[in-house]
Protein chains: 2
Amino acid sequence: MNASTARSTRNAREQVLDAAIRLFTQQGYFNTSIPDIVRESGISTGSIYHHFGDKEGIARALFESLVARMERAFDAIDREHATARERCRAVIELLFRITEDEPEVMSYMLFVKHREFMPEMAPVCSSRPFRHMREMVERGMATGEVRSMDPMVAAAAVFGGALRLINLRLDGILERPLGDYLDEIWDCAWRSVSA
Amino acid sequence: MNASTARSTRNAREQVLDAAIRLFTQQGYFNTSIPDIVRESGISTGSIYHHFGDKEGIARALFESLVARMERAFDAIDREHATARERCRAVIELLFRITEDEPEVMSYMLFVKHREFMPEMAPVCSSRPFRHMREMVERGMATGEVRSMDPMVAAAAVFGGALRLINLRLDGILERPLGDYLDEIWDCAWRSVSA
DNA sequence: TTGACTAAAACGAATGTTCGTTCTAATCTT
DNA sequence: AAGATTAGAACGAACATTCGTTTTAGTCAA
């Protein structure tokens with residue numbers, strides 16, 4: 001039936017995407033060959049090209065699904081919290097949680113340099129998530145929660161430390177899970193911009 | 001004479017390195033072919049292999065010269081400043097200055113993923129510079145300049161915002177030069193950890 | 001319920017190209 | 001002259017992609 005057809009096609013796609021995000025983040029996009037993906041996903045070359053068109057299509061599909069997921073998560077945070085303070089903290093908690101539970105997801109967004117093979121996506125990739133963060137801080141400035149300053153600098157101050165910890169964690173330099181550092185880094189972050 | 005020989009060999013090496021850092025940061029390591037480097041540097045294939053052994057050797061030489069340069073700069077900062085506060089600010093000033101004057105240098109260190117082709121260098125690449133920063137903060141904690149907390153978190157708080165601004169600037173999202181943001185981000189950074 | 005028909009999906013061997021590297025000859029430098 | 005350096009053509013391996021075929025799933029007539 002329709003359901004079973006849909007399920008089967010989604011499976012092939014998702015098996016490829018699962019294998020690809022793992023391989024791309026472990027060995028890099030250019031070090032990952034189509035045969036690698038065939039081996040790791042169990043899906044054949046022909047099928048892969050049927051679903052994604054070309055190798056870049058796999059990376060693009062991955063990227064788009066992660067961007068969409070981030071957008072939804074940010075919107076949910078906006079809805080569920082009333083103050084800039086709560087929202088910013090929730091964003092950091094979210095990013096920490098993703099880093100611990102699905103490190104490949106965070107690695108893919110931070111490390112895979114789309115600039116190198118999808119130049120037109122580079123600005124989207126780097127600026128879109130940070131724009132959300134900047135807007136959050138900016139609205140906090142309007143309500144007086146955040147002291148008055150350049151909103152870009154304020155956003156960098158609030159989220160820069162946490163993002164740095166995420167980088168260190170993914171590089172294997174932090175041995176304890178990010179949650180252990182949450183209160184301390186949040187204290188630093190908010191202290192640096194609170195009115 | 002020695003001088004002219006030295007000059008000529010250094011020229012070939014440096015012409016290759018100049019072309020390589022430009023190409024690697026613009027299009028990525030794997031998108032840059034040896035013929036690309038030959039074209040851009042004006043040095044022939046044979047010469048390149050004579051000087052660097054293989055393609056990775058070019059990246060390694062670049063990396064090593066930049067690491068050495070960073071080490072020297074950090075040591076100089078340690079020598080020329082007495083307090084953690086002054087040292088940390090000097091580091092941020094240094095990184096901002098390099099980003100503005102030689103963006104390829106900063107791009108190469110931040111963006112070129114050595115993990116993908118020099119796995120053994122990845123830890124050096126990511127941890128070494130940050131270890132200096134952590135030690136700076138740690139010594140400031142010993143003297144009471146910096147409030148007591150996990151030194152890794154404190155270092156992330158002090159330098160995270162500035163590093164974020166550097167990323168944004170290299171991505172073309174900040175239109176004004178980094179110097180314009182120095183005082184504000186430094187105020188945030190130090191406020192977040194000062195005793 | 002069966003069995004022919006259709007369309008989508010999966011397959012994997014074959015192809016043409018690109019790339020890093022090697023090799024041999026030529027050219028400087030001292 | 002001799003050693004270091006440069007040159008660029010040639011090589012072989014690895015890669016992304018294509019294509020003709022097979023399999024699977026859904027539809028519908030009788």
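Order of the sequence lines sets the chain letters (A, B, ...), proteins ahead of strands, with each chain counted from 1.
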*asked:* Taking the six-membered ring of B:Y49 as reference, does the cationic atom of B:K55 (NZ for Lys, CZ for Arg) lie under 6.0 Å from its centre and within 45° of its axis?
replied: no
*On DNA chain D, check which nucleotide each of B:G46 and A:G53 is closest to and give me the residue with the more 5' one.*
B:G46
*Could you check how far CD of A:Q27 sits from P of D:dA14, rounded to whole Å?*
15 Å
*How many Å lie between OH on B:Y49 and P on C:dC19, as a whole number?*
12 Å
*Rounded to whole angstrom units, what separation is found between the CZ atom of A:R13 and the C1' atom of C:dA8?*
15 Å
*Given side chains that start at C-beta, do those of A:E71 and A:H132 come closer than 4.5 Å, heavy atoms only?*
yes
*Between A:E56 (CD) and D:dC15 (C1'), how many Å, whole number?*
15 Å
*Length of the line joining A:I34:CD1 and D:dT18:P, which is rounded to integer Å*: 11 Å
*Rounded to the Å, how far apart are A:D54 CG and D:dA16 P?*
11 Å
*To the nearest Å, give me how far apart CG (A:N31) and P (D:dA13) are.*
20 Å
*Closer than 4.0 Å, any side-chain N/O of A:H51 to the OP1 or OP2 of C:dA10?*
yes
_Please classify the nucleic acid contact of A:S33 as base, sugar-phosphate, or nothing, using heavy-atom distances under 4.0 Å._
sugar-phosphate
*What are the two closest heavy atoms between A:F52 and A:A61, and how far apart are they?*
CE2-CB, 3.9 Å
Please table the atom pairs, donor to acceptor, closer than 3.5 Å between any side-chain atom in residues 100-107 of chain A and protein atoms at least two apart or in another chain.
unit_1: A:E100; atom_1: OE1; unit_2: A:R169; atom_2: NH2; d: 3.0
unit_1: A:E100; atom_1: OE2; unit_2: A:R169; atom_2: NE; d: 2.8
unit_1: A:E100; atom_1: OE2; unit_2: A:L178; atom_2: N; d: 2.8
unit_1: A:E102; atom_1: OE1; unit_2: A:R69; atom_2: NH2; d: 2.7
unit_1: A:E102; atom_1: OE2; unit_2: A:R69; atom_2: NH1; d: 3.2
unit_1: A:S107; atom_1: OG; unit_2: A:P103; atom_2: O; d: 3.1

*Relative to A:F159, does B:R164 satisfy both conditions: NZ or CZ under 6.0 angstrom from the six-membered ring centre, and within 45 degrees of the ring's axis?*
no
*D:dT5 OP1/OP2 closer than 4.0 Å to side-chain N/O of B:H50*: yes
*Report yes if at least one side-chain N or O of B:S47 is closer than 4.0 Å to OP1 or OP2 of D:dT6; otherwise report no.*
yes
_As a test of reading the structure: which of D:dA16, D:dA7, D:dT18 is closest to the side chain of A:P35, going by heavy atoms?_
D:dA16
*Reckon A:I48 touches a base, only the sugar-phosphate, or nothing at all at heavy-atom distances under 4.0 Å?*
nothing
*Could you state the atom-to-atom distance from CZ of B:F52 to P of D:dT6 in whole Å?*
11 Å
